[in-house]
Amino acid sequence: MTDKQHLVLFMPSGKRGRFASGTPVLEAARSIGVYVESVCGGRGICGRCQVEVAEGSFAKHGITSSMENLSPSGAKEKRYDEKRGLKEGRRLSCSSTIEGDLVIDIPQDVQVNAQVVRKAADDRYIERNPAVHLCYVEVEQPDMHKPLGDLDHLLQAIEREWGFSNIKIDAHVLPKVQKILRTGNWSVTAAIHKDDEFDNPYLIDLSPGLKNEAYGIACDIGSTTIALHLSSLLSGATIASAGTSNPQIRFGEDLMSRVSYVMMNPDGREAMTIAVRKAIDALIGEVCETSGIDRHDILNAVFVGNPVMHHLFLGIDPTELGGAPFALAVSGAVHMKCRELDLTLNDGARTYILPCIAGHVGADAAAATLTEGPHRQESQMLLVDIGTNAEIVLGNSSRTVAASSPTGPAFEGAEISSGQRAAPGAIERVRIDPDTLEPTISVIGIDMWSNEPGFEEAAKKTGVTGICGSAIIEVMAEMFLTGITTEDGVIDGKMAEKSPRVFKNGRTWSYRLWQAEGGPDITVTQTDVRAIQLAKAALYAGVKLLMDKLEIEQVDCIKLAGAFGSFIDPKYALVLGLIPDCEVTNVKAVGNAAGTGAKMALLNRDYRREIEQTVRKIEKIETALEPKFQEHFVNAMAFPNKVDAFPKLEQTVKLPAKNDSDGSSADGTGGGRRRRRRPR
Ligand code: FES
């Protein structure tokens with residue numbers, strides 16, 4: 001029998017080890033790489049190291065776990081409980097020792113201050129190992145016989161108690177050291193930043209006494225919206241979130257028009273850099289105000305964004321991203337001080353920006369990859385973030401490839417005659433009766449479908465004003481399923497015999513989706529169908545190139561990231577052939593995966609190393625240079641595709657019979673052969 005007789009399983013990480021009687025739980029956890037917070041270094045005063053014992057028999061692990069298998073509460077723990085209060089079942093892991101087999105839960109809700117914690121639907125468990133540590137130390141007082149400076153005493157104490165050596169000090173901290181040591185009566189809390197294991201640790205902030213909270217922000221800079229989360233670095237909890245539209249929109253709607261703006265205006269780059277930094281600073285103000293925290297308590301920040309947003313935020317001219325070879329100024333992760341980015345946080349706060357994958361596949365795609373983890377699994381995962389430029393990552397643990405495809409703004413409704421953004425009054429769901437071609441719609445802001453009682457009344461208030469992104473996909477798919485549109489994307493004039501909703505509109509035909517009294521005539525025109533065909537063909541062709549690269553015929557699962565992906569019905573995305581055939585149940589919307597990835601990198605520096613390594617290995621495909629792009633694009637102009645079969649989809653949806661035409665269009669535009677557009 002070894003002296004390490006007790007089996008302990010830590011949850012939710014699932015890490016386990018054997019330990020001798022009397023081993024402090026905190027020490028045991030750390031020894032097997034389970035991160036448990038500690039600010040006071042085991043003095044029993046910060047309360048950050050709380051754990052819970054899961055009681056019962058865990059047959060799978062061969063553990064019978066009970067509270068009795070922990071040492072009884074000692075004096076330190078009792079004192080903490082009396083002063084601050086410990087929730088029932090909670091123990092301080094620094095002050096309790098292992099005395100038998102245990103299953104230990106590391107709770108995510110360790111709050112020692114009174115701030116309001118926001119519970120978000122997308123809050124997933126993120127194991128923590130942040131780049132900033134708060135280290136409480138008691139420092140030796142000056143002695144005339146030992147001519148050592150106060151700072152040196154402080155650094156010695158940090159090294160002795162926390163193991164950080166060769167600590168460098170931020171210039172703004174140095175002048176304050178003596179005063180803070182005396183104010184804290186020689187007890188202080190040092191904030192140490194150490195990201196990479198090879199980095200020197202930096203003393204970035206110093207507070208008198210016990211400072212028991214530190215925050216970080218994770219921010220996704222999208223070309224349309226900026227989303228920011230404030231998290232506790234000490235518990236991982238999301239404290240507040242806020243979002244705003246990107247003020248750069250006034251310089252150009254999409255990425256390439258912003259690049260053009262920089263090219264045409266000598267101070268364009270600077271104006272856009274200032275605009276985005278100001279917007280982010282205002283969002284920081286907003287989350288601090290809602291949660292009642294001081295922005296100087298924010299010590300770490302992580303940013304992600306597509307390459308153009310990334311460059312403009314960093315103050316880099318994005319002109320090179322506007323044309324081949326789409327050269328990034330920097331592709332690796334960027335480390336800076338937040339104040340160098342004009343953000344008003346703690347003076348020592350550090351920024352980490354995730355690496356970019358390629359000239360069109362940015363740090364946002366890297367963050368989404370980190371969240372969804374195609375590189376961590378065996379099955380083939382397709383991860384798509386659909387915006388005006390779709391970012392596509394495909395692969396598994398053995399090989400991952402990435403590309404971008406210029407889908408343009410059609411999916412967002414910008415090139416659609418009745419398109420509008422998602423707002424009250426916008427049609428968001430569409431069904432069309434295959435016999436009568438009569439539509440049933442649902443509208444944002446109205447709880448019932450249009451064929452249910454009360455709809456008309458409700459619609460008088462909101463109006464029915466246009467079609468938003470999700471409904472554009474649905475109406476196009478339903479038009480195809482009901483035969484209004486042919487496989488080649490032609491609105492079929494013969495259907496006018498079946499319903500007056502199909503009507504002649506100049507040289508082509510249109511479908512009248514909705515017209516309420518006094519409201520706009522909401523129609524789908526041939527040009528609208530063509531715009532969607534071009535957008536989806538670009539997306540699909542990009543995906544196919546990646547599948548060719550991996551020599552695979554099918555994908556196992558598909559993750560649709562971003563705002564657009566969150567609202568579209570996977571079934572309809574498959575019917576239109578935006579994405580390759582897949583079990584409908586394996587196609588999932590994953591929300592703001594980029595924002596979640598930023599949060600993961602904020603709370604755990606191991607994730608930073610993971611994505612840096614992964615990005616280095618991802619093979620980048622430049623779709624513009626691939627000879628097969630055009631062929632895939634032409635085939636993908638058809639619904640769902642001219643040559644690729646969708647057998648898995650057909651288990652769920654009956655697709656119209658294929659015709660044998662060559663893909664040329666009846667309206668004479670030669671839609672199937674239109675040249676690929678590349679934003680410039
Ligand atoms: Fe501070 Fe346990 S480490 S109370």
Side-chain angles (χ1 to χ4, degrees), residues 365 368 381-394 403-416 419 428-430 467-481 485 487-489 524 528-547 554-555 557-590 593 623 629 632-650 652-653 655-656 671-672 676-677:
M381 181 195 288
L382 171 65
L383 172 61
V384 189
D385 193 337
I386 306 169
T388 48
N389 215 36
E391 295 179 317
I392 314 163
V393 179
L394 172 69
S404 76
S405 230
T407 43
F411 289 143
E412 291 168 0
E415 286 176 354
I416 306 298
E428 58 171 349
R429 294 268 172 265
V430 178
I467 317 174
C468 74
S470 57
I472 288 168
I473 298 300
E474 292 196 7
V475 72
M476 296 284 170
E478 285 279 320
M479 284 170 68
F480 167 57
L481 290 174
T485 313
E487 174 195 7
D488 296 319
V524 179
D528 296 339
V529 179
R530 201 56 87 214
I532 288 297
Q533 280 181 288
L534 289 165
K536 74 107 183 173
L539 172 59
Y540 192 90
V543 172
K544 277 292 280 188
L545 283 179
L546 296 187
M547 291 171 74
Q554 56 178 32
V555 299
C557 62
I558 300 176
K559 310 279 183 178
L560 301 171
F564 181 70
S566 300
F567 295 110
I568 54 173
D569 184 327
K571 184 180 81 183
Y572 288 112
L574 285 164
V575 169
L576 282 191
L578 261 72
I579 45 177
D581 191 36
C582 187
E583 301 279 355
V584 177
T585 48
N586 286 347
V587 184
K588 296 251 160 25
V590 292
T623 49
F629 185 92
H632 289 320
F633 182 81
V634 170
N635 289 331
M637 283 292 288
F639 295 136
N641 194 283
K642 202 75 194 164
V643 292
D644 292 343
F646 281 68
K648 289 182 184 144
L649 171 66
E650 287 189 88
T652 320
V653 181
L655 295 177
R676 180 195 180 210
R677 301 161 312 155

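The structure displayed is predicted, hence computed values, not measured ones.
- Taking both residues in full, the closest heavy atoms of Gly542 and Thr623 are given as CA-CG2, 4.2 Å, listed atom of the first, atom of the second, then distance.
- Pairing each heavy atom of Glu487 with each of Asn641, the nearest pair is OE2-O, 4.3 Å.
- Between the side chain of Gln533 and the backbone N or O of Met637, at least one donor-acceptor pair lies under 3.5 Å.
- Side-chain contact check for Pro580 versus Asp644: every heavy-atom pair is 4.5 Å or farther apart.
- Atom OG of Ser405 sits about 7.5 Å away from atom CG of Asn389, to the nearest 0.5 Å.
- When all heavy atoms are compared, the tightest approach of Ala561 to Leu383 is CB-CD1, 4.3 Å.
- Atom CG in Asn586 sits 10.5 Å away from atom CE in Met381 (nearest 0.5 Å).
- Pairing each heavy atom of Leu576 with each of Lys536, the nearest pair is O-NZ, 2.8 Å.
- The shortest distance between side-chain heavy atoms of Leu574 and Val584 falls below 4.5 Å.
- Summarising the geometry, atom CD belonging to Gln554 is positioned 12.0 Å from atom CZ belonging to Phe646; distances are rounded to the nearest 0.5 Å.
- Taken to the nearest 0.5 Å, the CD1 atom of Ile558 stands 11.5 Å off from the NZ atom of Lys588.
- Sorted by first and then second residue, the pairs that involve residues 567-576 and meet side-chain hydrogen bond (donor to acceptor under 3.5 Å, both in side chains), not counting sequence neighbours, are Arg431-Tyr572, Glu478-Tyr572.
- Expressed to the nearest 0.5 Å, how far CZ of Phe411 lies from CD1 of Ile568 amounts to 7.5 Å.
- No donor-acceptor pair closer than 3.5 Å links the side chain of Glu391 to the backbone N or O of Asp385.
- Note that NZ of Lys648 and OG1 of Thr585 are 10.0 Å apart. Values are rounded to the nearest 0.5 Å.
- Not counting sequence neighbours, the partners of Phe480 by the ring pair (Phe, Tyr, Trp, His ring centres under 6.0 Å) test are Phe639.
- Residues Leu545 and His632 come closest through the heavy atom pair CD2-CD2, 3.9 Å.
- Remark: of the listed residues Ile473, Asp528, Ile472, Ile472 is the sole one forming a side-chain contact (heavy atoms from CB on, under 4.5 Å) with Ile467.
- Of all the heavy atoms in Thr407 and Ala538, the pair that sits closest is CA-CB, 4.3 Å.
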